[in-house]
Amino acid sequence: MKFDTYTLKGRIVPAFFSIIIPIMIFNHFYTSEEFSKFVGEVMGAKLVSNLTISSICLIFLSQFGRVLGKNVFEKNIFKEERFMPTTNFLLFSDDTYSDQHKLKIRDKMATDFKSTIPSKEEEANDINQSRMIIVELMALVRSKLKGNTFLLQHNIEYGAMRNVIGGSILGVLLSIGNIIFFKYAMVNELAVNISIVTLIVYGLLIVLSKILIEFYGKSYAKILFREYLSLDSKSK
């Protein structure tokens with residue numbers, strides 16, 4: 001895995017928040033002492049015995065959060081990008097931008113990529129085809145804006161929220177596991193209460209997933225179009 005700004009803020013941090021915290025709770029209230037004794041006695045390695053399960057699994061679990069975020073939430077909400085804000089905003093049937101502003105973006109895309117987006121009449125006749133054409137062109141726009149500082153920041157924010165929501169699925173399961181374990185197997189009221197709090201937080205993230213992902217998606221789309229239209233002026 002390449003450790004850049006996006007990886008750290010968009011993947012590692014969300015994984016820590018949504019997946020690692022429940023593991024750390026279990027590790028703190030039960031595993032840590034037993035794990036340390038086992039490693040110390042069997043391997044005699046103090047350095048290894050100080051490693052927690054959370055630090056070992058962090059990189060791997062961050063991938064689970066990303067996969068779940070993309071395939072369970074983003075894919076279902078945006079229907080394979082066809083309903084992403086970057087697609088919706090360019091449709092004449094959408095009222096986010098004026099027709100004049102949409103035509104300005106469309107004209108630039110036509111010039112840059114030697115392609116055109118269906119007209120208002122063509123869009124009305126075949127909305128699905130229009131969406132697909134926009135999706136294909138938006139991939140070219142993102143490629144053209146690669147390395148843009150403002151867009152990267154919003155991409156990180158969107159990716160982090162999507163990934164933390166994806167990781168919340170595992171967070172919910174781990175929190176439930178902690179509650180059951182510390183309520184019946186090894187009674188610890190504090191561990192149960194903390195796990196209930198994490199369960200509520202992760203549950204709320206999942207319940208509000210559509211609202212949150214759409215909000216951050218729209219913010220990203222607006223910055224993308226702003227920066228795309230300003231490319232010519234910046235190059236002068």
Side-chain angles (χ1 to χ4, degrees), residues 6 10 14 65-166 168-169 204-236:
Y6 181 87
R66 178 176 179 273
V67 169
L68 290 173
K70 285 185 71 68
N71 292 282
V72 176
F73 295 99
E74 182 181 87
K75 185 176 180 179
N76 288 319
I77 292 173
F78 295 140
K79 312 297 182 185
E80 301 286 0
E81 297 187 31
R82 288 182 294 108
F83 286 82
M84 290 189 78
T86 47
T87 302
N88 292 337
F89 288 176
L90 287 182
L91 293 173
F92 288 106
S93 56
D94 184 89
D95 60 3
T96 302
Y97 291 140
S98 65
D99 285 357
Q100 181 181 4
H101 193 65
K102 293 172 188 173
L103 288 172
K104 187 177 181 180
I105 298 172
R106 286 166 172 249
D107 289 342
K108 180 171 173 54
M109 293 169 73
T111 301
D112 289 345
F113 309 119
K114 304 298 185 292
S115 181
T116 57
I117 304 175
S119 64
K120 182 180 289 189
E121 292 74 20
E122 291 171 329
E123 177 185 307
N125 291 330
D126 194 342
I127 186 66
N128 288 326
Q129 180 66 13
S130 297
R131 286 183 179 278
M132 289 305 302
I133 292 174
I134 294 175
V135 168
E136 292 165 356
L137 289 175
M138 288 313 305
L140 299 176
V141 172
R142 287 193 295 271
S143 178
K144 196 174 182 65
L145 287 170
K146 186 176 181 181
N148 182 282
T149 303
F150 294 105
L151 188 61
L152 174 62
Q153 179 58 38
H154 281 77
N155 189 33
I156 289 173
E157 292 175 1
Y158 170 78
M161 180 54 66
R162 179 200 62 201
N163 294 342
V164 80
I165 290 172
S168 291
I169 295 178
L204 283 174
L205 284 170
I206 292 173
V207 170
L208 299 174
S209 60
K210 189 174 188 296
I211 294 174
L212 292 171
I213 289 177
E214 286 183 343
F215 172 80
Y216 281 92
K218 288 178 180 178
S219 296
Y220 170 81
K222 290 177 180 179
I223 294 297
L224 183 147
F225 287 126
R226 186 194 74 183
E227 292 301 300
Y228 179 58
L229 286 176
S230 67
L231 279 178
D232 292 337
S233 61
K234 288 180 180 180
S235 62
K236 293 179 181 180

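The figures that follow rest on heavy atoms only: side chains count, while hydrogens, waters and symmetry mates do not.
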May I have the list of side-chain donor-acceptor pairs in residues 214-226 shorter than 3.5 Å, sequence neighbours left out?
residue, atom, partner, partner atom, Å
Glu214, OE2, Lys210, NZ, 2.7
Ser219, OG, Phe215, O, 3.2

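- Nearest heavy atom pair, residue Leu68 against residue Ile169, reads CD1-CB, 4.2 Å.
- Residues Ala110 and Thr116 share a closest heavy-atom pair of CB-CG2, 4.1 Å.
- The shortest distance between side-chain heavy atoms of Val141 and Phe113 falls below 4.5 Å.
- Taking both residues in full, the closest heavy atoms of Arg66 and Asn163 are given as CA-OD1, 3.4 Å, listed atom of the first, atom of the second, then distance.
- Taking CG of Asp107 as the start and NZ of Lys104 as the end, the distance is 10.5 Å to the nearest 0.5 Å.
- Evaluation of the salt bridge (Lys or Arg N to Asp or Glu O under 4.0 Å) test over residues 115-126, restricted to residues two or more places apart or in two chains, returns Asp99-Lys120, Arg106-Glu123.
- The salt bridge (Lys or Arg N to Asp or Glu O under 4.0 Å) analysis of residues 133-157, with sequence neighbours excluded, yields the pairs Glu81-Arg142.
- Smallest separation of non-hydrogen atoms from Ser168 and Leu205: OG-CD1, 3.4 Å.
- Distance check: Phe73 CZ to Met161 CE gives 12.0 Å after rounding to the nearest 0.5 Å.
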> After noting the C-alpha distance and the side-chain angles of Thr96 and Asn88, does the key distance pass the side-chain contact (heavy atoms from CB on, under 4.5 Å) rule?
Replying inline: CA-CA 9 Å; Thr96 302; Asn88 292 337; over 6 Å; no
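- Between Leu140 and Asp112 there is no side-chain heavy-atom pair separated by less than 4.5 Å.
- Separation of atoms CD1 (Ile105) and OG1 (Thr86) is listed at 11.0 Å; rounding is to 0.5 Å.
- Contact check for Leu91 versus Ile127: side-chain heavy atoms found under the 4.5 Å cut-off.
- Taken to the nearest 0.5 Å, the CZ atom of Phe150 stands 9.0 Å off from the OG atom of Ser230.
- Across all non-hydrogen atoms, the minimal contact from Thr87 to Val135 is OG1-CG2, 3.6 Å.
- Met132 has its side chain within reach of Arg82: a pair of non-hydrogen atoms, C-beta onward, lies under 4.5 Å apart.
- Minimum interatomic distance between Ile213 and Glu74 (heavy atoms only, all atoms of both residues): CD1-N, 4.5 Å.
- Side-chain atoms of Met138 and Leu90, non-hydrogen and from C-beta on, do get closer than 4.5 Å to each other.
- Atoms CD1 and CG, from Ile133 and Leu137 in turn, are 7.5 Å apart once rounded to the nearest 0.5 Å.
- A 4.5 Å side-chain heavy-atom check between Pro85 and Phe78 finds at least one atom pair inside the cut-off.
- Put simply, CG on Leu151 and CG on Leu145 are 5.5 Å apart, with the number rounded to the nearest 0.5 Å.
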